[in-house]
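By convention here, the first residue in the shown sequence is residue 1. Given the structure is predicted, the values throughout are model-derived calculations rather than measurements. Every number for a ligand or one of its atoms is a count from 1 in the order of the listing.
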Amino acid sequence: MISLNLLFIGDIVGKGGRRAVASLGAEIRKKENCSFCIANAENIAGGAGITAKCLDGISPGVADVVTGGDHVWDQKGFDKEIVSLANVIRPANSSSLQPGRGFSIYNNPASGELAVISLLGRVFMKTESNCPFETVQGILAKIPKTVKSIFVDFHAEATSEKAAMAHFLDGKVTAVFGTHTHVQTSDARILPGGTAFISDVGMVGADDSILGRDKNAVIKKFLTGMPQKLEVVDEGIRFDAAIVSYNPENGKALKIKSVSLMSEYSNVPP
Ligand SMILES: [Fe+2]
Ligand SMILES: [Fe+2]
């Protein structure tokens with residue numbers, strides 16, 4: 001039986017996140033023998049949104065594909081750039097009038113093809129979107145039967161919605177990776193039907209921060225209820241990811257492990 005490894009990197013936050021992915025991400029990908037890598041990049045440009053320039057050296061480079069989220073359109077002009085970026089997937093259950101694609105099929109250099117789908121949750125999320133369950137059902141019907149390995153980034157806040165999606169897709173996809181909270185959960189597991197699942201992969205962002213942003217500014221925002229400039233912290237980066245081993249012949253997951261490391265930019269010993 002063939003077994004392949006896929007690396008999924010949690011929300012990359014700003015410049016510090018990009019540096020950590022370029023160094024540590026590349027190292028982990030090699031060390032863990034991952035033939036494919038997906039990363040959530042919705043915060044890659046200054047903490048909010050994506051630009052083609054920010055993907056330089058990250059994807060392609062470390063990540064073969066990057067996924068979006070509720071912040072995908074935060075950078076002006078990305079609606080134009082995304083059209084020519086085949087490696088970028090934005091949420092599939094957003095309006096069909098949005099540019100870009102919500103899922104795509106890629107060649108895995110190690111074996112065959114795989115599909116990547118991006119979906120947005122609707123519980124406690126401000127972004128307007130269609131039902132992610134109905135959307136993913138429609139996408140699965142469109143993916144050719146020859147594509148056995150399917151990976152879903154479910155970008156959502158509520159663990160209940162993420163677990164419901166994972167069980168809904170159990171046996172139909174290879175893995176469901178939760179993203180968006182920037183905090184890694186300790187529930188990585190294989191569901192009974194052979195789908196790997198983790199509620200949230202976490203982030204590549206500053207450890208001594210609140211979700212990658214200046215902790216004092218965030219605290220002040222909570223205390224005062226007034227708008228604050230929430231600067232992205234670019235040092236002391238933690239690197240959160242998950243690695244799935246799967247059988248490309250039937251698309252079933254064999255193993256999932258979460259990874260959470262401090263990068264070399266940290267003062268904390270690894
Ligand atoms: Fe995020
Ligand atoms: Fe998000």
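- The Fe ion (ligand 1) has no N, O or S atom of His71 under 2.8 Å away, backbone or side chain.
- A cation-pi geometry, defined here as NZ or CZ lying under 6.0 Å from the six-membered ring centre and within 45° of its normal, holds between Lys172 and Phe168.
- Closest N/O/S atom of His182 to the Fe ion (ligand 1): NE2.
- Taking CG of Asn87 as the start and CD1 of Ile82 as the end, the distance is 9.5 Å to the nearest 0.5 Å.
- The Fe ion (ligand 1) lies closest to atom OD2 when only the N/O/S atoms of Asp11 are considered.
- Counting heavy atoms from C-beta on, the side chains of Lys221 and Met226 never come closer than 4.5 Å.
- Note: angle at the Fe ion (ligand 2), from OE2 of Glu42 to ND1 of His180, is 150° (rounded to 10 degrees).
- Not a single N/O/S atom of Asn40, whether from backbone or side chain, sits less than 2.8 Å from the Fe ion (ligand 1).
- Residue Asp70 approaches the Fe ion (ligand 2) most closely through its N/O/S atom OD1.
- Distance check, rounded to the nearest 0.5 Å: CZ of Arg90 to CG of Leu85 gives 13.5 Å.
- Panel note: side chain Glu161, backbone Arg122; a donor-acceptor pair is recorded below 3.5 Å.
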